[in-house]
Amino acid sequence: IAAAFKLKSVEIEITSQEDGIKAVSYGVGHGYGLDLCNAEKMAKGGAYYQKILEFYFPNLKLKR
């Protein structure tokens, strides 16, 4: 979808509307690594930084 519409980001939210569909593109990222928009959504949903980092970097080992 991003390529077809020449969007600068692959972060797209698609929702159904009464009169059709709505597609919203977030950011200008490349689609790799940590997505700040989604990380913020996760944090607002109650996820701590450890959970967010595990989601984006599953092999990451955190040390103190």
Side-chain angles (χ1 to χ4, degrees):
I1 292 174
F5 289 101
K6 298 180 182 170
L7 301 175
K8 294 181 180 180
S9 175
V10 296
E11 178 71 24
I12 303 168
E13 180 179 316
I14 300 174
T15 56
S16 178
Q17 308 287 308
E18 279 189 31
D19 58 345
I21 62 168
K22 177 181 177 182
V24 179
S25 176
Y26 298 94
V28 293
H30 46 63
Y32 301 100
L34 191 139
D35 177 306
L36 292 178
C37 293
N38 192 55
E40 180 182 25
K41 287 180 192 177
M42 292 174 72
K44 286 182 177 179
Y48 289 98
Y49 75 92
Q50 296 96 329
K51 186 72 172 174
I52 295 169
L53 289 174
E54 285 175 12
F55 178 79
Y56 286 103
F57 308 102
N59 296 319
L60 181 70
K61 303 290 185 220
L62 296 176
K63 294 184 177 183
R64 288 185 179 236

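Contacts classified as salt bridge (Lys or Arg N to Asp or Glu O under 4.0 Å) and involving residues 13-23 (residues at least two apart or in different chains) are given here: Glu13-Lys41.
For the side-chain hydrogen bond (donor to acceptor under 3.5 Å, both in side chains) test, residues two or more places apart in sequence or in another chain that qualify with Glu40 are Lys44. Residues satisfying the side-chain hydrogen bond (donor to acceptor under 3.5 Å, both in side chains) criterion with Thr15, sequence neighbours excluded, are Gln17. In this view, Tyr49 satisfies the side-chain hydrogen bond (donor to acceptor under 3.5 Å, both in side chains) rule with no residue, not counting sequence neighbours.
Clustering ILVMFWY residues whenever any of their side-chain heavy atoms sit less than 4.5 angstrom apart, transitively, puts Met42 in the very cluster that holds Leu60.
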Can you list, pair by pair, the side-chain donor-acceptor contacts under 3.5 Å of residues 50-58, counting residues two or more places apart and other chains?
from: Tyr56; atom 1: OH; to: Asp35; atom 2: O; distance (Å): 3.4
from: Tyr56; atom 1: OH; to: Asn38; atom 2: ND2; distance (Å): 2.9

